[in-house]
Amino acid sequence: MMKKEMPVYLFTGFLESGKTSFIQESLESDEFNSKDQTTLLLCCEEGEVEYEPEKFAEGKVYIEVIEEESDFNMLHLGRLENKYHPDRIVVEWNGMWLLDTMYGNMPPHWITYQEMFFAYSPTFLTYNQNMRNLVFDKLKSAEMVVFNRFSKLYDKMAFHKVVRTANRNSQIMYEYERDNVEFDDIEDPLPFDINADIVEVKDLDYAYWYRDINEEPLKWDGKTVKVKGRTLVGGGLPKNSMVLGRHVMTCCVEDIQFAGLVAVWDPEKIKQVVHGDWAIVQFTVKHEMHEAYGEDGPVLHIETFEPCPGLEDDVATF
């Protein structure tokens, strides 16, 4: 029998980031914690600030501590749901655990309604430098990023760039003190002119172009583009199709993967293309159905194809 959708509110961040304080304040609010709702609060780490349940609003709140990452599994979570019969779940996630653990082990009917990342501003850039994979992991899907204990002396752009490398859609908020907050309004111009007759993507900008065309494919429909990439042929593709792309590193060496798009051309010309070779290709983008995607997507209609030497460092980064 299908279970009713269970809303999950997820709060991530490292120690001293302000997660516990924010959740405490939320549960003290009648608007968030009304008396006709039951909340199951899953605490996945023990911070310096402890919850004060006596201050919660009238809604029922049950707190369960999950000490080991392995305990965050579907069987255990299902038992907790059956025990408390909550109307929603609030998760204070351990900053040292990867979010894949959570998303891979939640019951199928648990749906994330909101995800917020909290950061202690004085140490955030150091954390990003030393534990970039863990920071990126928390930023990549956050809808809201809150930098608490921010200072007018800090360079906002440094914080902004870290967030935007991982996530172009999250809101960013700088909290100077309790009632003094400021939303990020820095614009992120693309490193190429999308309105040019021919959009020329420089070698250093491939990762930005690939991300943008995947996030907003309709924006690129009808655009003529020139880019250098590697060609992949065969592999069950139609005779008039190949893949043009490059390896991209989003966060760290472990996540390097080939990032390519389907390109179509004269089948006789594709026969002459050597698998894995490099080329400077000019094409027109059409947002259309292709069997390699299984749905509508950006298909590159090749106009010119010039074989060229490969790049010494074939991995594109942000």
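Below, all heavy atoms of this structure are taken into account, side chains as well, without hydrogens, waters or symmetry copies.
A donor-acceptor contact shorter than 3.5 Å links the side chain of Asn167 to the backbone of Ser170. Looking at His109, its side chain never comes within 3.5 Å of a backbone N or O of Met6 through a donor-acceptor pair. At least one donor-acceptor pair closer than 3.5 Å links the side chain of Thr231 to the backbone N or O of Asp277. Checked by atom type and distance alone, the side chain of Glu295 never pairs as donor or acceptor with a backbone atom of Met289 at under 3.5 Å. With hydrogens and angles ignored, the 3.5 Å screen pairs no side-chain donor or acceptor of Thr112 with any backbone N or O of Gln114. Under a 3.5 Å cut-off, the side chain of Asp296 and the backbone N or O of His287 do not form any donor-acceptor pair. Judged purely by atom type and a 3.5 angstrom limit, Asn214 has no side-chain atom pairing as donor or acceptor with the backbone of Arg211. A donor-acceptor pair under 3.5 Å is formed between the side chain of Asn82 and the backbone N or O of Gly78. Remark: the backbone N or O of Asn73 is not paired with any side-chain donor or acceptor of His76 at under 3.5 angstrom. When atom types are taken as modelled, the side chain of Lys138 and the backbone of Gly13 share no donor-acceptor pair closer than 3.5 angstrom.
Contact record, Ile194 with Val199: O-CG2, 3.7 Å, taken as the closest heavy-atom pair. When all heavy atoms of Pro86 and Thr39 are compared, the closest pair comes out as CB-C, 4.4 Å. Residues Gly245 and Tyr206 share a closest heavy-atom pair of CA-OH, 3.1 Å. Of all the heavy atoms in Val225 and Ile198, the pair that sits closest is C-CG2, 4.5 Å. Scanning all heavy atoms of the two residues, the minimum distance from Phe124 to Val135 falls at CE1-CG1, 3.8 Å. What you find for Met74 and Pro108 is that their closest heavy atoms are SD-CD, 4.0 Å.
Asp212 and Lys219 are joined by a salt bridge, as a carboxylate oxygen and a charged side-chain nitrogen come within less than 4.0 angstrom of each other. Salt-bridge check for Lys286 with Asp221: failed, with every basic side-chain N at 4.0 Å or more from each acidic carboxylate O.
Residues Thr224 and Gln282 meet the side-chain proximity criterion, which asks for heavy atoms closer than 4.5 Å. Between Glu143 and Met116 the shortest side-chain heavy-atom distance does not fall below 4.5 Å. Between Tyr84 and Arg79, every side-chain heavy-atom pair lies at or beyond the 4.5 Å cut-off. Residues Leu99 and Leu10 meet the side-chain proximity criterion, which asks for heavy atoms closer than 4.5 Å. Within the 4.5 Å cutoff, no side-chain heavy atoms of Glu92 are placed close to those of Cys44. Side-chain contact between His301 and Glu288 is present, with at least one heavy-atom pair separated by less than 4.5 Å. The closest side-chain heavy-atom distance from Asn195 to Lys223 is below 4.5 Å. Between Asn240 and Asp266 the shortest side-chain heavy-atom distance does not fall below 4.5 Å.
No single ILVMFWY cluster, assembled from side-chain heavy atoms under 4.5 Å apart, contains both Phe305 and Trp278. Phe118 and Val8 fall into different hydrophobic clusters, where Ile, Leu, Val, Met, Phe, Trp and Tyr are joined by side-chain heavy atoms under 4.5 Å apart, directly or via other members. Neither Tyr62 nor Leu27 shares a network with the other; the hydrophobic side chains, linked directly or stepwise wherever heavy atoms of I, L, V, M, F, W or Y lie under 4.5 Å apart, form separate groups for each. Val61 and Leu40 are assigned to two separate hydrophobic clusters, defined by single-linkage of ILVMFWY side chains at heavy-atom distances under 4.5 Å. Hydrophobic clustering (ILVMFWY, side-chain heavy atoms < 4.5 Å, transitive): Val262 and Trp220 are in one cluster.
Other residues, nucleotides and ligands place no more than 12 heavy atoms under 6.0 Å from the NZ atom of Lys60. Counting heavy-atom neighbours within 6.0 Å of Gln171 CD, excluding the residue itself, gives a total of 12 or less. Annotation for Asn180: atom CG counts as buried by contact number, over 12 foreign heavy atoms lying within 6.0 Å. For CD of Gln257, the number of neighbouring non-hydrogen atoms (other residues, nucleotides, ligands) closer than 6.0 Å is 12 at most. Within a 6.0 Å sphere centred on CD of Glu68, heavy atoms belonging to other residues, nucleotides or ligands number 12 at most. Counting heavy atoms of neighbouring residues, nucleotides and ligands inside a 6.0 Å radius, atom CD of Glu54 exceeds 12 of them.
Glu81 and Trp110 are linked by a side-chain donor-acceptor pair at a separation below 3.5 angstrom, with hydrogens and angles left out of the test. Using modelled atom types, one finds no donor on one side chain facing an acceptor on the other under 3.5 Å when comparing Glu58 with Ser34. With 3.5 Å as the limit, one finds a donor-acceptor pair spanning the side chains of Ser241 and His290.
Atoms CG and CD, on Asp179 and Glu175 in that order, are 8.5 Å from each other to the nearest 0.5 Å. Between the CZ atom in Phe14 and the OG1 atom in Thr123 there is a gap of 9.0 Å [rounded to 0.5 Å]. Interatomic distance, Asn105 CG to Tyr103 OH, rounded to the nearest 0.5 Å: 13.0 Å. Atom-to-atom distance recorded for Arg246:CZ and Phe258:CZ is 10.0 Å, nearest 0.5 angstrom. Residue Asp71 holds its CG atom at 11.5 Å from CG of Leu42, rounded to the nearest 0.5 Å. Separation of atoms CG (Leu139) and CZ (Arg164) is listed at 10.0 Å; rounding is to 0.5 Å.
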Passes side chain to side chain contact (heavy atoms under 4.5 Å, CB included), Met106 versus Val91? Steps please.
-> CA-CA 11 Å; Met106 287 197 310; Val91 179; over 6 Å; no

Side chain to side chain contact (heavy atoms under 4.5 Å, CB included) between Leu125 and Val162: does it pass, once the steps are laid out?
-> CA-CA 8 Å; Leu125 296 179; Val162 173; 4.2 Å; yes

Check the pair Val163, Phe159 against side chain to side chain contact (heavy atoms under 4.5 Å, CB included), reporting the backbone distance first and the verdict last.
-> CA-CA 7 Å; Val163 177; Phe159 292 79; 5.8 Å; no

For side chain to side chain contact (heavy atoms under 4.5 Å, CB included), just list the numbers for Lys83 and Glu64, CA-CA rounded to whole Å, side-chain angles, deciding distance to a tenth of an Å, and then say yes or no.
-> CA-CA 11 Å; Lys83 178 179 179 180; Glu64 284 281 346; 3.7 Å; yes

After noting the C-alpha distance and the side-chain angles of Glu69 and Thr101, does the key distance pass the side-chain hydrogen bond (donor to acceptor under 3.5 Å, both in side chains) rule?
-> CA-CA 8 Å; Glu69 189 173 3; Thr101 299; 2.6 Å; yes

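Counting only residues at least two apart or on different chains, the side chain to side chain donor-acceptor pair (under 3.5 Å) pairs with a member in residues 146-159 are Lys156-Glu182.
Here the options are Tyr51, Phe117, Phe11, Tyr9, the test is ring pair (Phe, Tyr, Trp, His ring centres under 6.0 Å), and the partner is Phe22; only Phe11 passes.
Between Trp209 and Phe283, the ring planes lie tilted relative to each other; the angle falls in the 30° to 60° range.
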